[in-house]
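Below, read A as the first sequence line, B as the second, and so on, with proteins coming before strands; counting in each chain starts at 1.
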There are 2 protein chains.
Amino acid sequence: MNDKFFKLPLEKQQRIINAAYKVFSQNSYRKAPMSEIADEGGISKALLFHYFGNKKELYMYLWSNAIEMTRKAVREYNTLETNDFFEMLKRSLLSKCALMRDYPYMYAFSLRAYYETIPEIQEVIQENYSDVSNASKRIVFEKMDLSEFRDDMNLEMMYDEIFYAVDGYMLKKYRLDRVIPDEIEREFLDLIDLWKKIYTKKGV
Amino acid sequence: MNDKFFKLPLEKQQRIINAAYKVFSQNSYRKAPMSEIADEGGISKALLFHYFGNKKELYMYLWSNAIEMTRKAVREYNTLETNDFFEMLKRSLLSKCALMRDYPYMYAFSLRAYYETIPEIQEVIQENYSDVSNASKRIVFEKMDLSEFRDDMNLEMMYDEIFYAVDGYMLKKYRLDRVIPDEIEREFLDLIDLWKKIYTKKGV
DNA sequence: CTCCTTGTTGACCGTATCGGTTAATATTGG
DNA sequence: CCAATATTAACCGATACGGTCAACAAGGAG
């Protein structure tokens, strides 16, 4: 990877990266064409290769950038510095939206990357998705205050159900090509209110 | 399309069709290779063309078959012959699982087909997804008995949340390549119990 | 204006893949 | 053993792909 890329105006960097996230999120690694990324990013294919060397290097950069940005966003929103489950959820989803403003297709890219099967990519993505999501589930369960929930509730099932819904919601948004962070943020907040109402004792 | 296809043993027919559903659900129409379908279906590419003429014809057959099978399953499970929302939901999901036993990738295929953007396909798929899903939502709301729900509940939001979760759940199963109807059926029933508990007055 | 550096690209290359065809080979049934 | 049918390997032309390179544009320094 060529360091000159980072000397580009930030806006141009992001335009290129987002083009790559988009194309890699809509196609499998093997079938994602570099030429399409270049076109979508508004530069020539030759220049794209000039910056990133080859396809795999570009993919690796996208992956590590996704990791780094996600970690940063989670940290900035103090996601884990509360015991209230719904507050954690809220911060987590808001951080996701913030990220979406700069990189609309990063979430879809990560989701797809986790399940990429060809060995060339799997060696880049050491972690497997189940491990990551189970790990964060465990962390949340260690932290969270259990007293606010209804007594007859299977909390692990609640957790899974909520994240199924989040994924299903995002899937719809991506499919409709309606990745509008403000709208998504608003609807996330409404969903959290709903969940708070149905899953807790007080129901407020 | 060649009628000789239907004279094949049913098992072989299904193997070929499922191979096609699988490949078309994992790739966009344009990038789904006929050769891969043939390999996955255990026949030669030439024979595949012999039966279906060309790629578009195969796709059209898959689409109309999906429509027909879905309608049949919904009918067979008397999905709309009850006023109880959760009973309707249960029948709908059970019919989905029954279908999945014969055609594991049909659901994923339909979902993808609805959002296919290239005109060659859009003319085949007249209906657009939002129309279809809104139509079935309206039908359900006309039929269902509202008295069983908590009074403080926004029912439309509940409806959306539930179907987000169903889609998110299925997405995970497909991504993990764990399309096991028995398992999915079991977990669907558990989810329905959960929803009944949290969304209704009695909560049972 | 010239010269040099830097950024950028169109055109090109070899290869792989794709949709579709065909001539030939299996297989089946009488 | 033969004829009809089922099935395929091999092929074809077109295109798409990853990657390269020589040339061009732009901008500043002298």
Side-chain angles (χ1 to χ4, degrees), chain A residues 1-17 19-63 116-121 123-124, chain B residues 1-17 19-63 116-121 123-124:
Chain A
M1 142 142 236
N2 190 331
D3 281 342
K4 280 170 196 163
F5 175 73
F6 297 111
K7 283 167 187 153
L8 259 43
L10 241 153
E11 179 215 5
K12 194 170 181 179
Q13 283 184 46
Q14 286 195 359
R15 207 178 59 226
I16 296 169
I17 292 183
Y21 277 137
K22 183 172 182 180
V23 173
F24 277 120
S25 72
Q26 290 172 343
N27 304 88
S28 67
Y29 173 79
R30 226 168 52 80
K31 303 205 173 175
M34 291 292 272
S35 55
E36 202 177 316
I37 296 174
D39 288 350
E40 184 97 19
I43 60 170
S44 69
K45 193 175 60 157
L47 191 53
L48 187 64
F49 275 97
H50 177 63
Y51 287 137
F52 294 100
N54 58 43
K55 194 176 182 178
K56 191 175 173 186
E57 253 188 86
L58 168 58
Y59 196 90
M60 280 172 54
Y61 170 70
L62 293 176
W63 174 251
E116 200 68 56
T117 49
I118 81 169
E120 202 176 346
I121 295 309
E123 68 187 48
V124 176
Chain B
M1 143 140 234
N2 191 330
D3 281 342
K4 281 171 195 163
F5 176 73
F6 298 111
K7 285 168 185 153
L8 259 46
L10 242 152
E11 179 216 7
K12 196 171 181 180
Q13 283 185 45
Q14 287 197 358
R15 206 178 60 226
I16 296 169
I17 292 182
Y21 277 135
K22 183 171 181 179
V23 173
F24 277 120
S25 72
Q26 289 171 343
N27 304 86
S28 67
Y29 174 79
R30 225 169 51 78
K31 301 204 176 178
M34 292 292 272
S35 56
E36 202 178 313
I37 296 175
D39 288 350
E40 184 95 20
I43 61 171
S44 70
K45 192 175 59 154
L47 191 53
L48 188 64
F49 276 97
H50 178 63
Y51 288 136
F52 294 97
N54 59 43
K55 194 176 181 177
K56 192 177 173 185
E57 254 189 87
L58 168 58
Y59 196 89
M60 279 173 52
Y61 171 71
L62 293 175
W63 175 252
E116 199 69 55
T117 50
I118 82 168
E120 203 177 345
I121 294 310
E123 67 188 49
V124 177

[atom1] of [X] versus [atom2] of [N]: gap in Å, rounded?
{"X": "Asp3(B)", "N": "dT5(D)", "atom1": "CG", "atom2": "P", "result": "15 Å"}
{"X": "Lys55(A)", "N": "dG18(D)", "atom1": "NZ", "atom2": "P", "result": "4 Å"}
{"X": "Ile16(A)", "N": "dT9(C)", "atom1": "CD1", "atom2": "P", "result": "9 Å"}
{"X": "Leu47(B)", "N": "dT22(C)", "atom1": "CG", "atom2": "P", "result": "16 Å"}
{"X": "Leu48(B)", "N": "dA9(D)", "atom1": "CG", "atom2": "P", "result": "14 Å"}
{"X": "Leu58(B)", "N": "dC18(C)", "atom1": "CG", "atom2": "C1'", "result": "15 Å"}
{"X": "Asn54(A)", "N": "dC17(D)", "atom1": "CG", "atom2": "P", "result": "17 Å"}
{"X": "Met34(A)", "N": "dT15(C)", "atom1": "CE", "atom2": "P", "result": "20 Å"}

OP1 or OP2 of [N] less than 4.0 angstrom from a side-chain nitrogen or oxygen of [X], does that happen here?
{"X": "Tyr51(B)", "N": "dT7(D)", "result": "yes"}
{"X": "Lys4(A)", "N": "dG7(C)", "result": "yes"}
{"X": "Lys12(B)", "N": "dT7(D)", "result": "yes"}
{"X": "Ser44(A)", "N": "dG10(C)", "result": "no"}

### Message
Please verify the inter-ring angle class for Tyr61(B) with Phe6(B); under 30° counts as parallel, over 60° as perpendicular, anything in between as tilted.
### Response
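Rings of Tyr61(B) and Phe6(B): perpendicular, over 60°.
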Taking the minimum atom-to-atom distance to the side chain of [X], which one of [options] wins?
{"X": "Ser35(B)", "options": "dT7(D), dC18(C), dG20(C)", "answer": "dC18(C)"}
{"X": "Leu8(A)", "options": "dG18(D), dG20(C), dT8(C)", "answer": "dT8(C)"}
{"X": "Lys31(B)", "options": "dT8(D), dC17(D), dT9(C)", "answer": "dC17(D)"}
{"X": "Phe49(A)", "options": "dT17(C), dG19(D), dT8(C)", "answer": "dG19(D)"}
{"X": "Ala46(B)", "options": "dG20(C), dG19(D), dT22(C)", "answer": "dT22(C)"}

### Query
Ala38(B) near the nucleic acid: base, sugar-phosphate alone, or nothing, with a heavy-atom cut-off under 4.0 Å?
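Nothing: the residue Ala38(B), judged by heavy atoms under 4.0 Å, touches no strand.
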### Query
So Glu120(B) and Tyr29(B), side chain to side chain contact (heavy atoms under 4.5 Å, CB included) or not? Walk me through it.
CA-CA 10 Å; Glu120(B) 203 177 345; Tyr29(B) 174 79; 3.9 Å; yes
Within-4.5 Å side-chain heavy-atom neighbours: [X] and [Y]:
{"X": "Lys4(B)", "Y": "Leu8(B)", "result": "no"}
{"X": "Phe24(B)", "Y": "Lys55(B)", "result": "yes"}
{"X": "Tyr51(A)", "Y": "Gln13(A)", "result": "no"}

